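Encoded as structure tokens, the structure appears first; notes follow it.
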Protein chains: 2
Amino acid sequence: MSPPHPPTKEAIRAAAAKLFPVHGYIGTSVRDIAGEAGVDPALVIRNFGSKEELFLETMRLDDELGPLFDGPIEELGETFVEYMVDTTDRLRGMFLALVRASESDGVVPRLREMHDTAFVLPLQERLEGPDAELRARLAAALVGGLLYSMWVVQDTHLLQADRSDLVKRYGALVQQLLTPPS
Amino acid sequence: MSPPHPPTKEAIRAAAAKLFPVHGYIGTSVRDIAGEAGVDPALVIRNFGSKEELFLETMRLDDELGPLFDGPIEELGETFVEYMVDTTDRLRGMFLALVRASESDGVVPRLREMHDTAFVLPLQERLEGPDAELRARLAAALVGGLLYSMWVVQDTHLLQADRSDLVKRYGALVQQLLTPPS
DNA sequence: GTCTATAATTGGATAGAC
DNA sequence: GTCTATCCAATTATAGAC
């Protein structure tokens, strides 16, 4: 039997999950979260221990892996890049928040977890061979680099480039790690 | 005629240039900088206006582009990747500090400047053709992705991988953007 | 369980004497 | 130009009443 009204803890969690990806760790105060949740600021700390603990508990992907990328492996590179480039919602905010907060040691493992969940695993599970993991991690580095260029650096030239051309070129590079030309 | 004793302004600048790359923007207080420089904290603000101005003035590459990568263009991909992967000193700290501080709007242009100076331009000046800039920027994204994976995410699998194998694989991908196979 | 009030720290920035 | 002293703002976190 779960409580009928979502307890304040869930309201706080939801508020944090909404605000952190938009305004970042530093840009989101405990008071902001409490205000968004409609509760007293003291309850935030009381329920989660500290701001950082709340941040870490909120910045995870859980199951929202979205599509399973189960199409033909010959198109996986392009498909995957296209999905990542066009993702403008939650994953983007989480990526930016985690990267920018990665000065705190506690954040790095969580960033690694997001990186593995969102970038590495979807590719790795489709690959075979002894160096499958290495190739998947290199491909994940490629994808991360594109997101870094577009969202962190905000490379205007890339942002203004033709999307389909971008996806085609970059996807082809990723594809080479997935299905290397003999 | 330059002053015989380096003025305190230079001492402050040197201290900031030393501490920011190591401890980051948030992790470095004005008092830390003053302590390192052996001056009064008030002089830091007095000479540079604000902490952020000092940060922005310090986090630039100026001329320390190091080697000019003037070898044969057929090896540029590998050479460039090798150089970036093995760079453990100043550029690495600056990259991390700028990326992690990029939540401040004023930092993004400086990050873009570093990105262009260190990653894009050395490649772009060797390329030709109408889409030379796009290819150089895509190659820069690749390089940025490798640094992101190794230094921000701290992907242990990549960090423990054989360096020469890593450089060879990743360099080959960069190379394809520099000299595309017909 | 919830809220009021406040503690405690930190850090950026300023005023004014010397 | 340099330093002492201080201000001020913001924020996390806690204590204790209800």
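In what follows, every heavy atom counts, from backbone to side chain, and hydrogens, waters and symmetry copies are set aside. A quick note: this is a predicted structure, and the numbers were derived from the prediction, not measured. By convention in this document, chain letters (A, B, ...) are assigned in the order of the sequence lines, proteins followed by strands, and residues within each chain are numbered from 1.
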| query | When the aromatic ring centroids of A:Tyr148 and B:Phe95 are compared, is their separation below 6.0 Å? | reply | yes
| said: Can you tell me which nucleotide in D:dA15, D:dT6, D:dT2 comes closest to the side chain of B:Leu43? | reply: D:dT2
| field | Nucleotide nearest B:Arg46 when distance is taken to its side chain, options C:dA13, D:dT14, C:dG16 | value | C:dG16
| request: Measure the distance from CZ on B:Arg31 to P on C:dG11 and round it to the nearest whole Å. | output: 7 Å
| query | When you check the side-chain N and O atoms of A:Ser149 and B:Arg137, is any donor under 3.5 Å from an acceptor? | reply | no
| query | Rounded to the nearest Å, what distance is computed from the CD1 atom of residue A:Ile26 to the P atom of nucleotide D:dA9? | reply | 22 Å
| Per B:Asp40 side chain, nearest of listed nucleotides D:dT2, D:dC3, C:dA13 | D:dC3
| Backbone N/O of A:Phe69 and side chain of A:Arg126: donor-acceptor pair under 3.5 Å | yes
| note | B:Phe48 atom CZ is separated from C:dT14 atom C1', nearest whole Å, by 18 Å
| message | Please determine whether a side-chain nitrogen or oxygen atom of B:Ser29 lies at a distance below 4.0 Å from atom OP1 or OP2 of C:dT10. | response | no
| message | Checking contacts here: which listed nucleotide (C:dT4, C:dG12, D:dT11) is nearest the side-chain heavy atoms of A:Ala42? | response | C:dT4
| request: Take the protein atom CZ of B:Phe55 and the nucleotide atom C1' of C:dG11, then report the distance between them rounded to whole Å. | output: 17 Å
| said: Rounded to whole Å, how long is the line connecting atom CD of B:Glu53 with atom P of C:dG12? | reply: 14 Å
| Roughly, in whole Å, what's the span from CG in B:Leu54 to P in C:dA13? | 10 Å
| field | Rounded distance in Å - CD1 (B:Ile45) to P (C:dA15) | value | 13 Å
| Atom CG of B:Asn47 to atom P of C:dA13: distance rounded to whole Å? | 14 Å
| Can you check whether B:Phe55 and B:Tyr25 have ring centres sitting under 6.0 Å from each other? | yes
| message | I'd like to know if the side chain of A:Asp155 reaches the main chain of A:Leu158, judged simply by a donor and an acceptor atom lying under 3.5 Å from each other, with no hydrogens or angles considered. | response | yes
| Short side-chain N/O contact from B:Ser50 to OP1 or OP2 of C:dG12, under 4.0 Å | no
